[in-house]
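Source: prediction; values computed, not measured. Atoms within each ligand, like the ligands themselves, are counted from 1 in listed order. By convention here, the first residue in the shown sequence is residue 1.
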Amino acid sequence: MKHAPFIAVEGPIGAGKTTLATMLAGELQLPVIKEIVDENPFLDKFYQNMDDWSFQLEMFFLCNRYKQLEDTVNEYIAKNKPVISDYHIYKNLIFGERTLKGTKRDKYREIYHVLTDDLPKPDIILYIRADLDTLLTRIAKRGRPFEEEIAPAYLQQLIEDYDDAMASLAVSEPSTVIVTIDGTQVDFVGNQEDFAAIADHLKELMK
Ligand SMILES: Nc1ncnc2c1ncn2[C@@H]1O[C@H](COP(=O)(O)OP(=O)(O)OP(=O)(O)O)[C@@H](O)[C@H]1O
Ligand SMILES: Nc1nc(=O)c2ncn([C@H]3C[C@H](O)[C@@H](CO)O3)c2[nH]1
């Protein structure tokens, strides 16, 4: 790879993005950027009433990630230092297209493009796919109270939205390498060989 890579881990809720990004950052000695969850004032309200709170929530995520991405550019990308993030800013569009309706969705889409179109895109995406049962089990295991409200149908829709989004990114950003990980079968937490295979693949891509 000509320049230091910008790596993003993606996948639906509870797929293991933060876990994998943190493990890889340790193994490859990379700085890791993690999304802010605890200070989010809208998540619990959103899960109780999506229609009432989706615009506030999506705008909050977008503004936070925009700021984090600006900082990531200044601290790492502009200095040609590698970095791994537990999300791709494109996820704002995946969620926004699903949770917003009508003119709010149109406005949000426009704001997303105005804010992000000129920012650097990850060179490598590690996309963790997982089936509904696996995600529900992991979300329950993590035990965030507000996520008890997540409807299985919403999660199933997001699984499909993520597949569609990765397919369209492969077309719109052809220089991005997308590595798909079957998170239902591959256990990078419990099986050291599974983790080593992912880490070795990433090391190869970074050469
Ligand atoms: N391969 C795995 N095997 C077993 N447990 C896992 C695995 N990957 C992640 N977990 C567990 O599942 C839960 C969710 O993982 P994590 O928080 O990394 O997911 P995430 O994709 O970052 O979630 P979110 O979308 O909410 O940000 C955590 O409790 C984590 O320890
Ligand atoms: N609606 C919506 N839009 C987003 O951009 C977004 N990003 C993450 N999340 C939810 C998933 C987890 O519950 C929790 C932590 O990832 O926040 C989102 N929800």
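The closest approach between a heavy atom of F46 and any atom of ligand 2 is below 4.0 Å. Put simply, no part of G11 is less than 4.0 Å from ligand 1, judged by heavy atoms. Judged by the shortest distance from any of its heavy atoms, D86 lies outside the 4.0 Å radius around the atoms of ligand 1. The closest approach between a heavy atom of A15 and any atom of ligand 1 is below 4.0 Å. Remark: distances from the non-hydrogen atoms of Y154 to ligand 2 include one below 4.0 Å.
In terms of polar-atom proximity, R65 is counted as a contact of ligand 2, with an N or O under 3.5 Å from an N or O of the ligand. Considering backbone and side-chain N/O of K91, none are found under 3.5 Å from N/O of ligand 2.
A salt bridge links R98 with D161: at least one charged nitrogen is closer than 4.0 Å to a carboxylate oxygen. We find that E75 and K81 are not joined by a salt bridge, their nearest charged nitrogen and carboxylate oxygen being 4.0 Å or further apart.
Neither the backbone nor the side chain of I94 has any atom closer than 4.0 Å to an atom of ligand 2 (non-hydrogen atoms only). Contact annotation for L57 and ligand 2: only side-chain heavy atoms (C-beta onward) come within less than 4.0 Å of the ligand.
Per-residue contacts place E147 under 4.0 angstrom from the following atoms of ligand 2 (heavy atoms of the residue considered): 12 (C), 13 (O), 14 (C). Proximity to D187 (heavy-atom distance under 4.0 Å) selects the following atoms of ligand 1: 1 (N), 2 (C), 3 (N). Short contacts between ligand 2 and V37, defined as distances under 4.0 Å to a heavy atom of the residue, involve ligand atoms 15 (C). Of all atoms in ligand 1, listed by their number and element, those nearer than 4.0 Å to a heavy atom of G16 are 8 (N), 9 (C), 15 (O), 16 (P), 18 (O), 19 (O), 20 (P), 21 (O).
The cationic atom of R129 (NZ for Lys, CZ for Arg) does not lie both less than 6.0 Å from the six-membered ring centre of Y162 and within 45° of the ring axis.
Between F60 and L43, every side-chain heavy-atom pair lies at or beyond the 4.5 Å cut-off. Side-chain atoms of E58 and K104, non-hydrogen and from C-beta on, never get closer than 4.5 Å to each other. Residues Q48 and W53 are not in side-chain contact: their nearest non-hydrogen atoms beyond the backbone lie 4.5 Å or more apart. Side-chain contact check for T176 versus I124: every heavy-atom pair is 4.5 Å or farther apart. Side-chain atoms of I33 and Y76, non-hydrogen and from C-beta on, do get closer than 4.5 Å to each other.
Nearest non-hydrogen protein atom to atom 27 (O) of ligand 1 is E35 OE2, 3.8 Å. The closest protein non-hydrogen atom to atom 2 (C) of ligand 2 is F95 CD2, 3.2 Å. The closest protein non-hydrogen atom to atom 5 (N) of ligand 1 is K141 NZ, 3.0 Å. Given atom 15 (O) of ligand 1, the protein heavy atom at minimum distance is T19 OG1, 3.6 Å. Of all protein heavy atoms, the one lying nearest to atom 1 (N) of ligand 2 is E58 OE2, 2.7 Å. The protein heavy atom nearest to atom 10 (C) of ligand 2 is Y47 OH, 3.7 Å. With respect to atom 10 (N) of ligand 1, the closest heavy atom belonging to the protein is R138 CD, 3.6 Å. The shortest contact between atom 23 (O) of ligand 1 and any protein heavy atom is with R142 NH1, 2.8 Å. Atom 16 (O) of ligand 2 has E35 OE2, 2.7 Å as its closest protein atom, hydrogens excluded (heavy atom only). Among protein heavy atoms, the minimum distance from atom 6 (C) of ligand 2 is reached at F61 CE1, 3.3 Å. Nearest to atom 8 (N) of ligand 1 among the protein's heavy atoms is V189 CG2, 3.6 Å. In terms of protein heavy-atom proximity, atom 15 (C) of ligand 2 is nearest to R144 NH1, 3.4 Å.
No more than 12 heavy-atom neighbours from other residues, nucleotides or ligands sit within 6.0 angstrom of NZ on K67. By the 6.0 Å contact criterion, NE2 on H201 is open, its count of non-hydrogen atoms from other residues, nucleotides or ligands being 12 or less.
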**OP:** Give the intermediate values and the outcome of side-chain contact (heavy atoms from CB on, under 4.5 Å) for residues Q192 and F195.
**Re:** CA-CA 5 Å; Q192 176 55 33; F195 174 66; 4.2 Å; yes

**OP:** Take H113 and L93 through the test side-chain contact (heavy atoms from CB on, under 4.5 Å) and record every step on the way to the result.
**Re:** CA-CA 9 Å; H113 284 296; L93 214 49; 4.1 Å; yes

Subject >> Trace of the side-chain hydrogen bond (donor to acceptor under 3.5 Å, both in side chains) decision for Y90 with E10 >> reply: CA-CA 10 Å; Y90 193 69; E10 259 306 346; over 6 Å; no

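When each of T19, T22, T18 is checked for a side-chain hydrogen bond (donor to acceptor under 3.5 Å, both in side chains) with D86, only T18 meets the rule. Each of D163, V9, V179, I181 was scored for a side-chain contact (heavy atoms from CB on, under 4.5 Å) with Y127, with one residue passing: D163.
Comparing heavy-atom distances from atom 25 (O) of ligand 1 across R144, M23, K17 singles out K17 as nearest.
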